[in-house]
Amino acid sequence: MFEHLKELPADKIIALMAEYRDDPRDTKIDLGVGVYKDASGNTPVMRAVKAAEKQLWEAETTKTYTALAGDPAFGRALSGLVLGDTIEDDRLAFAAQPGGTGAIHQALELIQMATPEATVWLSAPTWPNHPSIIRHLGMKMTEYRYFDNESRAVDFAGMMEDLGAVKSGDVVLLHGACHNPTGANLTLPQWDEVATLLEAKGAVPLIDIAYQGFGDGLEEDAAGTRLVAARLPETMIAASCSKNFGLYRERTGLLMAVAPTAKSKALTQASLAHLNRQNFSFPPDHGARLVQMILDDSSLRADWAAELEAVRTGMLALRKRLAEALRARTGSDRFGFIAEHRGMFSRLGATPEQVAYMRDKHAIYMVGDSRMNIAGLNERTIDILADAIVDAGV
């Protein structure tokens, strides 16, 4: 049987991580992997997470299964963080998932169950795992314009023109905040225009919100998602706790489905539980339990929000510092977009050859499309990166 397997394309980010590890140069800089790092290069366990883990260790009396859709208390807590009080309980179905990736995969399977002929629309570019999962499931997909390579901003006119071809029942995948890989985000008025178009077309939004709190703040980063969910009869939302809670290895995520009626919500909830059963039976609980404990405890929540805000403002400071360093070296503001982008990522606009040159000569590792992780920088390495960007002729 195994002799009939075919070679599959390697994940470029995973391959880049391995190449970085094997590089002996002590000046190397990792801007490739999508993981938050502090100034010393560590990905710390957040204070509130450690405090909740201690409480859980002392209080937990069983490791038996939770419900098929996970502990409802987790679903209520995380959906409250994402949606606020936008959606009534009798319209909101949810199921715990192994990370944001699991939530996306499950959302696509739900689409496949309900409307197998639907086309999934993806931003150009998008997180590479989006099209990979869609291809794996054998679903139809197409792209809409999103990023202007000249201005390094959202090509909103192109986006709206392309989405004009969306058909009723199609699914449009949107990034809730901190667009990966570009860092360029929609404004709230633009979100409103997108919602109006999708409503008129009868399309269903699927919102991937993996970086809430990393951009402009917890409430601000959720504003677009809340607007769309409030306006449209049906919305799917895939939320991840990897970044804003630092729970990467705990694989903690939630898929939310906003249904038009209480009856369709019950059917959707049953379908989500069914899909969980087919994929992994009961979802992992440790990370979900910690998130629920933090969000439901005012003291833990305040400490978590304060640490997250420090992370957010730290990344903004790195962005501004890099933009200033490049302005000083080039005498122009052509890299000013770095300070305007939000979240961990920015697409620099370098060619694959320039990216390879910076890796070979300067030991700077970023993805071939020039997506760089701002959180991989610190005060010492900003000047090194700025020199390399200028040297490569970006």
Side-chain angles (χ1 to χ4, degrees), residues 9-44 125 127-129 147 149 152 178-184 211 214 242-243 246 248-249 311-312 314-394:
D11 186 294
K12 295 179 180 178
I13 297 176
I14 303 300
L16 189 70
M17 290 168 59
E19 192 174 347
Y20 173 82
R21 283 195 302 268
D22 293 339
D23 191 329
R25 291 175 286 184
D26 57 10
T27 57
K28 61 185 179 182
I29 303 174
D30 180 11
L31 304 179
V33 65
V35 173
Y36 171 76
K37 297 178 182 180
D38 61 19
S40 58
N42 297 318
T43 302
W127 181 44
N129 225 17
F147 189 64
N149 286 312
R152 275 78 151 186
C178 307
H179 186 274
N180 179 4
T182 69
Y211 302 94
F214 267 36
S242 293
K243 308 305 190 295
Y248 297 90
R249 67 175 60 173
V311 167
R312 184 186 76 84
M315 286 190 293
L316 282 179
L318 289 171
R319 287 185 173 280
K320 293 176 181 177
R321 175 78 175 80
L322 179 58
E324 290 167 358
L326 286 164
R327 184 183 301 112
R329 286 161 173 77
T330 63
S332 77
D333 286 322
R334 72 176 188 271
F335 292 102
F337 64 89
I338 294 173
E340 300 301 320
H341 288 172
R342 289 295 182 267
M344 292 202 304
F345 304 118
S346 276
R347 181 176 272 195
L348 184 60
T351 65
E353 293 76 19
Q354 290 168 328
V355 170
Y357 177 84
M358 286 188 282
R359 182 177 65 247
D360 295 341
K361 183 173 179 182
H362 298 280
I364 291 172
Y365 285 78
M366 65 178 71
V367 183
D369 64 1
S370 77
R371 184 199 82 167
M372 58 180 180
N373 179 8
I374 296 295
L377 292 169
N378 56 45
E379 287 298 322
R380 179 185 63 83
T381 56
I382 284 176
D383 287 329
I384 297 173
L385 175 59
D387 288 337
I389 289 171
V390 173
D391 182 41
V394 179

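A donor-acceptor pair is defined here as one N or O able to donate and one able to accept, closer than 3.5 Å; such a pair exists between the side chain of Y248 and the backbone of Y36. At distances below 3.5 Å, not a single donor-acceptor pair connects side-chain atoms of R380 with backbone N or O atoms of L377. With hydrogens and angles ignored, the 3.5 Å screen pairs no side-chain donor or acceptor of N42 with any backbone N or O of P44. The backbone N or O of G349 sits less than 3.5 Å from a side-chain atom of S370, completing a donor-acceptor pair. At distances below 3.5 Å, not a single donor-acceptor pair connects side-chain atoms of K243 with backbone N or O atoms of F214. Listed for the N373 side chain is no donor-acceptor partner under 3.5 Å among the backbone atoms of L31. Panel note: side chain H341, backbone R152; a donor-acceptor pair is recorded below 3.5 Å. Put simply, the side chain of N180 never gets that close to the backbone of W127: no donor and acceptor are under 3.5 Å apart.
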So R21 and D30, salt bridge (charged side-chain N to carboxylate O under 4.0 Å, His left out) or not? Walk me through it.
CA-CA 9 Å; R21 283 195 302 268; D30 180 11; over 6 Å; no
- Derivation of the side chain to side chain donor-acceptor pair (under 3.5 Å) call for D23 and Y365: CA-CA 10 Å; D23 191 329; Y365 285 78; 2.6 Å; yes
_What verdict does the salt bridge (charged side-chain N to carboxylate O under 4.0 Å, His left out) test give for E340 and R319, after you've listed the backbone C-alpha separation in whole Å, the side-chain angles of each residue and the deciding distance to 0.1 Å?_
CA-CA 8 Å; E340 300 301 320; R319 287 185 173 280; over 6 Å; no
* Could you check R321 against D383 for salt bridge (charged side-chain N to carboxylate O under 4.0 Å, His left out), going step by step and ending with a plain yes or no? => CA-CA 9 Å; R321 175 78 175 80; D383 287 329; 3.3 Å; yes
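Here the shortest heavy-atom pairing between I13 and V367 reads CG1-CG2, 4.0 Å. Smallest separation of non-hydrogen atoms from A350 and V355: CB-CG2, 4.0 Å. Of all the heavy atoms in A323 and A339, the pair that sits closest is CB-CB, 4.1 Å.
Taking CD1 of I384 as the reference point, atom CD1 of I29 lies at 4.5 Å (rounded to 0.5 Å). Distance check: Y211 OH to S242 OG gives 9.0 Å after rounding to the nearest 0.5 Å. Separation of atoms CD (E324) and CZ (R327) is listed at 6.0 Å; rounding is to 0.5 Å. For the atom pair CE (M315) and NZ (K320), the distance works out to 13.0 Å, reported to the nearest 0.5 Å. In this structure, the separation between CG on L322 and CG on L385 is 5.5 Å, given to the nearest 0.5 Å. Between the CE atom in M372 and the OG atom in S346 there is a gap of 5.0 Å [rounded to 0.5 Å].
A 4.5 Å side-chain heavy-atom check between M358 and V394 finds at least one atom pair inside the cut-off. Here the side chains of L316 and R312 are in contact, with some heavy-atom distance below 4.5 Å. A 4.5 Å side-chain heavy-atom check between P125 and R347 finds at least one atom pair inside the cut-off. Within the 4.5 Å cutoff, no side-chain heavy atoms of T381 are placed close to those of T27. Using a 4.5 Å heavy-atom cutoff, the side chains of Q354 and T351 are in contact. Residues M366 and I364 form a side-chain contact, since some pair of their non-hydrogen atoms from C-beta on lies under 4.5 Å apart. Side-chain contact between I374 and M344: absent, with no pair of heavy atoms (C-beta onward) separated by less than 4.5 Å. Taking 4.5 Å as the limit, some side-chain heavy atom of F335 sits within range of a side-chain heavy atom of L348.
For CZ of R25, the number of neighbouring non-hydrogen atoms (other residues, nucleotides, ligands) closer than 6.0 Å is greater than 12.
T182 and R371 share no donor-acceptor pair across their side chains, judged by distance under 3.5 Å alone. Under 3.5 Å, the side chains of Y357 and D391 contain a donor-acceptor pair of N or O atoms.
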